[in-house]
Amino acid sequence: MPLLEIQNLHATVGDKEILKGINLVIKPGQVHAIMGPNGSGKSTLSYILAGRDGYDVTKGEVLFDGKDLLSMPADERACAGLFLGFQYPVEIPGVATMTFLKTALNAVRAYRGDDPLDAMQFLNYVRERAMVLNVTDDMLRRALNVGFSGGEKKRNEILQMAVLEPRLAVLDETDSGLDIDALKIVAEGVNAMRTPERGMLVITHYQRLLNYIEPDHVHVLAQGRILQSGGKELALELEKNGYGDITGAEAA
Amino acid sequence: MAATSETVEQVQTLADDGYKHGFVTDIEMETAPKGLSEDTVRFISAKKNEPEWLLEWRLTAYRHWLTMPEPTWSKVSFPPIDYQDSYYFAAPKSDKDKPKSLDEIDPKLLETYEKLGIPLLEQEMLAGVAVDAVFDSVSVATTYKKKLEEVGVIFGSISDAIQTHPELIRKYLGSVVPYGDNKHAALNSAVFTDGSFVYIPKGVRCPMELSTYFRINAENTGQFERTLIIADEGSYVSYLEGCTAPQRDENQLHAAVVELVTLDDAEIKYSTVQNWYPGDEEGRGGIYNFVTKRGLCQGRNSKIAWTQVETGSAITWKYPSCILKGDNSIGEFYSVAITNNMQQADTGTKMIHIGKNTRSTIVSKGISAGRADQSYRGLVKILAGAEGARNHTQCDSLLIGDQCGAHTVPYIECANPTASVEHEATTAKINDDQLFYCQQRGLNEEEAVSLIVNGFCKDVMKTLPMEFAVEAQKLIGISLEGSVG
Amino acid sequence: MSRNVTKLLPFVDEVQVSRPDDAPWTSALRQEGFNRYRESGLPTPRTEAWKYTNLRRLAGMNFAPNEAAPEGVAIPEDHLVKIDGFRAVVINGRFQANLSDLSGLPRGLRVEGLANMLRKSPALLEPLLGRIAIRDNRPLTALNAAHLDDGLCVFVEKGVVLDKPIHIVSIGAPCGDEAASFHPRLLVSLGAGSVATIVESHVGKGAYFSNGVAEFVVGADAVLNHYKVQEESDEAYHLADTTLRLEDRSTYDGFTFQSGGVLARNEIYACLDGENVDCRVNAAYLGAGKQHIDNTVFIDHVKPGSRSREVCKGVLDDQSRAVFQGKILVRKDAQKTDGFQLNKALLLSRGAEIDSKPELEIYADDVKCSHGATVGELDADALFYLRSRGIDTVAARNLLISAFVAEAVAEIQSETVRDAVSDMVQVKLEMRHEGRVNER
């Protein structure tokens with residue numbers, strides 16, 4: 001059974017139709033990349049998958065593990081194993097990163113029927129994962145994303161993915177705002193999470209990230225539709241020729 | 001703080017520069033008897049040949065005024081006003097036979113405008129700005145009337161409109177500022193002599209900026225302007241109001257009322273540059289500027305934006321406000337106020353959010369120098385039904401010298417959980433580092449101060465129409481650059 | 001017309017201006033308070049300072065005469081801040097030596113009931129009592145003075161550094177079937193260079209009216225931590241006026257948490273009457289039901305070089321209403337003043353209301369003053385972010401609410417008190433949440 005199945009998805013924001021019939025199937029173990037110019041609907045797709053308010057799905061459906069994803073509230077989707085790495089992680093003053101991670105992990109565990117981790121187990125569990133991503137204890141003590149640099153925020157996103165161990169990770173422009181060293185750390189973190197059971201949907205504007213996270217499939221999203229799909233070589237082609245060839249517009 | 005004290009001196013030299021626009025024109029007046037009574041009100045109404053209902057309205061306002069105490073909540077002080085020691089009606093003699101063209105206008109009056117630097121004769125050809133010049137309460141010239149008539153815009157004196165469009169006047173006069181609103185508004189309602197009336201019909205975008213220059217001229221004459229602007233559905237107008245006054249020793253009371261109404265999808269942009277005589281450096285003379293300005297965003301998606309640059313008057317008491325009744329309506333208030341010497345200003349705005357998704361923005365920049373006192377006083381009120389209402393307020397004060405005061409008194413009342421209100425205020429002196437940086441790059445201190453102050457005011461100045469921005473910048477220059485002005 | 005309205009003048013029948021054991025100045029103090037109060041009556045919303053807080057209901061209530069404190073009142077330990085310290089218990093405004101724990105007071109610290117002090121050492125009180133809270137236009141302070149009788153005094157001698165906090169437990173209780181009204185006075189004097197922490201817990205049961213006045217003198221170079229937790233009964237009226245005189249280089253760290261009472265107003269007047277004073281007046285509050293919670297703070301910078309900081313954050317649920325009035329006055333000589341004020345309110349429910357008036361009045365030019373105020377609901381983006389990590393809506397809301405309040409609690413400088421208050425706020429929030437769930 002596919003992990004994620006998007007069928008003819010149409011969606012609007014206000015009066016404007018952003019997605020005009022998306023079809024996409026992701027099987028366990030696969031990494032899909034969605035590329036596309038600005039304003040093509042990439043972030044809209046990721047928000048709709050995660051269940052953010054303000055988007056109206058006018059047609060189509062999304063099955064996650066065979067279940068109707070769109071009828072689930074945002075937190076249930078997360079518990080069911082859908083993770084969104086935000087392009088712009090939200091700063092939440094007053095909420096310590098550790099408190100946040102613990103609350104989230106125990107919510108997800110409860111959903112799966114696991115007991116909550118005690119303080120010591122939790123600390124070790126997080127530290128182990130934090131170390132790999134070069135997330136310091138100091139960052140964990142600070143309020144969630146407050147005062148974090150762009151790179152720190154993205155590392156924190158990947159740490160959350162590592163902590164929550166989702167079935168499907170949707171990574172929205174995870175490479176934006178990262179220098180090459182930070183990009184490598186983030187990509188390694190993501191690659192370490194690749195398993196035969198887990199799916200990934202990597203959303204990006206540039207091919208650069210895909211040098212480090214090698215996708216099985218690449219799709220071009222433009223004007224609210226997937227205009228072309230192919231293997232990883234499609235990304236290289238796009239890098240060389242721009243989106244113009246595919247979208248029919250002037251090269252960006 | 002050597003730098004600061006020098007600045008203070010420079011600011012103070014403003015007085016030596018004198019009041020550029022100070023002179024008195026001697027024109028024979030036809031006046032009502034001195035003092036205020038029901039007879040004065042009847043005299044004014046009769047003089048203007050008004051319908052019965054308007055006289056009754058004036059009289060009701062007058063009777064109400066008698067019962068009202070002087071407002072005391074603002075942070076200004078002045079000796080009690082002797083309302084019986086003023087004239088309430090003064091019209092240039094030549095008003096009797098209204099001029100058909102500029103040729104018929106009293107040459108002395110034209111001379112006055114020239115002294116003020118308003119090239120009235122050239123305006124038709126050059127400015128693209130229609131001017132309804134008010135000289136002591138009665139409109140004497142209106143240009144571009146024809147062009148406006150073509151698109152159906154009514155722009156003229158309110159006295160004319162009372163004769164020609166009584167139904168509009170009756171429907172809207174006092175509908176935004178009722179006569180009982182405050183003591184000054186009640187007085188205005190009783191004795192207003194003239195002012196402007198604008199009606200923009202449905203769907204019309206007014207083809208030019210409308211402009212009125214107010215002047216105060218006769219001795220001991222209070223000025224009671226009444227302005228009413230109605231923007232019908234889907235229309236737009238930008239209205240400019242500017243003023244300057246002759247120099248004299250006695251205080252002059254000015255109690256104007258401005259009412260704006262926008263229907264669905266309409267927008268009014270109202271800009272003011274106020275440079276009335278502020279009194280001398282000891283605080284003698286100067287205008288008392290007690291103005292009630294309020295706009296009603298009655299229709300959905302309508303918008304009212306107030307911009308003001310207040311540099312004149314001995315006392316300014318003024319709170320241009322917006323009642324955001326229509327859903328999605330927008331209110332804006334942008335203000336620069338400069339007080340120097342003994343000037344006092346208590347100014348700000350009220351944003352009353354009634355409709356859903358109403359938005360308001362307040363940007364207030366106050367500069368206080370000399371021994372002046374200035375207050376920002378504002379109210380943001382979100383009623384329980386104002387779902388999703390938004391307000392952002394920024395008010396900053398700059399102090400120049402250690403004898404002046406700057407105060408910020410915002411009231412925030414919120415009764416809707418989906419609303420969002422943000423208020424920020426700062427008070428500081430001119431930044432020494434900025435001053436030094438400018439000087440290190442070759443600006444003299446005076447230029448540096450002017451530059452920094454202009455930067456400080458930029459968020460407001462950029463909202464002024466181009467035609468006005470120049471005049472406004474000049475006024476800030478005069479107010480703060482001293483001898484350079 | 002306002003002049004036709006009769007003045008609200010309750011609470012004066014029982015005033016007894018001079019009493020048998022009085023020093024002459026004590027009677028004079030009462031007389032002056034009585035005169036002032038009789039002149040003004042209870043404030044109404046026509047008075048600018050009381051624009052948003054209406055005492056009409058209080059004025060219409062009946063109270064038992066202000067006599068002895070009721071017997072057999074239990075100390076509600078669960079509602080007190082959990083700290084280890086000296087304890088002074090005051091019931092209905094009267095100091096209770098037998099319920100207090102003042103054993104082992106160090107040298108240089110004196111904690112005593114006011115009535116006792118007035119009898120025993122009036123000379124010590126004369127230069128201070130009623131000399132600090134002396135401002136005009138304070139009808140309730142005047143009313144308190146008219147009733148001057150008991151309360152508490154704390155004297156810390158010069159240079160004394162206390163390592164244990166002083167916990168003042170103030171309990172309100174009805175007198176039989178009738179509501180009680182009381183007007184306690186707290187006098188705290190810190191000598192030069194001394195260091196002390198004072199915690200006030202205000203709790204109670206049933207209906208009563210507490211009209212407290214507190215006077216603090218913080219001497220040169222002294223440090224006072226002063227934390228107040230107002231958890232009065234939900235039928236109580238709590239009006240409190242705290243006046244601070246802060247001398248050269250002194251430090252005052254103040255925090256008030258309010259979640260009790262049907263109507264509560266905590267008014268603080270801080271006079272920074274010295275150079276280089278550090279003054280922090282912070283607050284948090286939780287409103288629910290039909291509660292009315294008022295925080296009014298006036299910071300008066302008199303001399304140069306001082307800093308003041310004020311962070312007030314509150315959460316309003318149901319039909320509760322909050323008032324925040326904060327004023328920073330910088331007088332002409334107070335150059336180099338640094339004043340900061342932040343007021344944030346979270347409205348959780350339709351029907352909740354906040355009225356906020358942050359005010360700056362500045363007469364010196366070389367200053368840095370700012371204030372900010374925001375009102376809003378929970379941030380939708382933050383809520384979504386939490387939910388996208390699997391945290392359910394209710395838990396996510398609670399997390400954000402406690403984080404919101406935590407920012408104000410974090411201003412408390414004393415670590416032990418901060419932790420205790422933080423725990424208390426947490427418990428309070430959970431209780432309110434559970435109460436809500438049970439209602440459903």
Side-chain angles (χ1 to χ4, degrees), chain B residues 1 4 7-8 67-69 72-73 75 368-369 373-377 379-385 387-432, chain C residues 1-3 46 48 51-52 316-317 319 321-380:
Chain B
M1 293 300 100
T4 309
T7 308
V8 174
T67 68
M68 296 178 88
T72 52
W73 41 262
K75 211 173 157 41
S368 206
D373 240 322
Q374 191 177 127
S375 305
Y376 166 83
R377 189 180 303 277
L379 168 68
V380 174
K381 189 178 179 78
I382 314 274
L383 277 78
E387 290 293 307
R390 297 274 177 275
N391 162 267
H392 183 83
T393 300
Q394 177 73 48
C395 64
D396 299 316
S397 305
L398 201 60
L399 292 151
I400 302 177
D402 58 5
Q403 302 294 309
C404 53
H407 321 299
T408 313
V409 193
Y411 295 75
I412 301 161
E413 303 176 6
C414 181
N416 185 300
T418 64
S420 148
V421 181
E422 291 176 340
H423 173 98
E424 284 176 74
T426 63
T427 303
K429 64 169 191 161
I430 283 202
N431 185 313
D432 283 340
Chain C
M1 294 262 73
S2 60
R3 55 188 74 98
R46 275 182 235 280
E48 179 66 23
K51 183 180 166 72
Y52 295 119
L316 293 169
D317 210 338
Q319 274 87 58
R321 187 171 168 189
V323 177
F324 171 81
Q325 303 186 102
K327 179 168 180 172
I328 301 176
L329 169 64
V330 179
R331 293 183 195 260
K332 217 172 140 221
D333 293 333
Q335 295 290 357
K336 304 275 182 202
T337 287
D338 187 344
F340 174 82
Q341 189 190 74
L342 180 68
N343 165 234
K344 288 187 172 185
L346 201 54
L347 300 188
L348 297 181
S349 152
R350 201 154 291 278
E353 185 176 335
I354 169 84
D355 297 308
S356 178
K357 187 186 174 198
E359 201 178 338
L360 301 174
E361 184 172 347
I362 294 167
Y363 296 95
D365 66 328
D366 191 4
V367 300
K368 204 170 79 190
C369 284
S370 64
H371 66 221
T374 65
V375 181
E377 55 183 342
L378 288 172
D379 179 23

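Each chain gets a letter, A, B and so on, in the order the sequences are listed, and its residues count up from 1. Computed from a predicted structure; not experimentally measured.
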For Lys381(B), does the NZ atom have more than 12 heavy-atom neighbours from other residues, nucleotides or ligands under 6.0 Å away? no

Of the backbone (N, CA, C, O) and the side chain (C-beta and beyond), which part of Ala425(B) lies under 4.5 Å from a heavy atom of chain C, both, or neither? both

When the 4.5 angstrom heavy-atom criterion is applied to Gln374(B) and chain C, the contacting part is neither

To the nearest 0.5 Å, tell me how far [X] [atom1] sits from [Y] [atom2].
| X | Y | atom1 | atom2 | answer |
| --- | --- | --- | --- | --- |
| Leu379(B) | Lys357(C) | CG | NZ | 11.5 Å |
| Tyr363(C) | Asp373(B) | OH | CG | 5.0 Å |
| Ile328(C) | Thr408(B) | CD1 | OG1 | 9.5 Å |
| Thr427(B) | Glu361(C) | OG1 | CD | 11.0 Å |

Quick one: which of Glu422(B), His423(B), His392(B) gives a side chain to side chain contact (heavy atoms under 4.5 Å, CB included) with Thr374(C)? Glu422(B)

Which atoms of Phe340(C) come close to chain B, meaning under 4.5 Å heavy atom to heavy atom: side chain ones, backbone ones, both, or neither? neither

When only pairs under 4.5 Å are counted, which of Ala428(B), Ser420(B), Cys414(B), Ala415(B) shares the most heavy-atom pairs with chain C? Cys414(B)

Scored by heavy-atom pairs under 4.5 Å with chain C, the best of Ser368(B), Ser397(B), Ala406(B), Ala384(B) is Ala406(B)

Residues Glu413(B) and Arg321(C) bridged, charged N to O under 4.0 Å: no

Mind ranking [options] by heavy-atom pairs under 4.5 Å with chain B and telling me who comes out on top?
| options | result |
| --- | --- |
| Lys368(C), Glu48(C), Arg350(C), Lys51(C) | Arg350(C) |
| Glu359(C), Gln325(C), Lys332(C) | Glu359(C) |
| His371(C), Gln335(C), Glu353(C), Gln341(C) | His371(C) |

Would you name the heavy atoms of Glu377(C) and Pro417(B) that are closest together and state the gap between them? CB-O, 3.0 Å

Looking at Lys429(B) and Asp365(C), what are the two nearest heavy atoms and their distance? CB-O, 3.0 Å

Pairwise side-chain contact, His407(B) with Lys327(C), heavy-atom cut-off 4.5 Å (strictly under): no

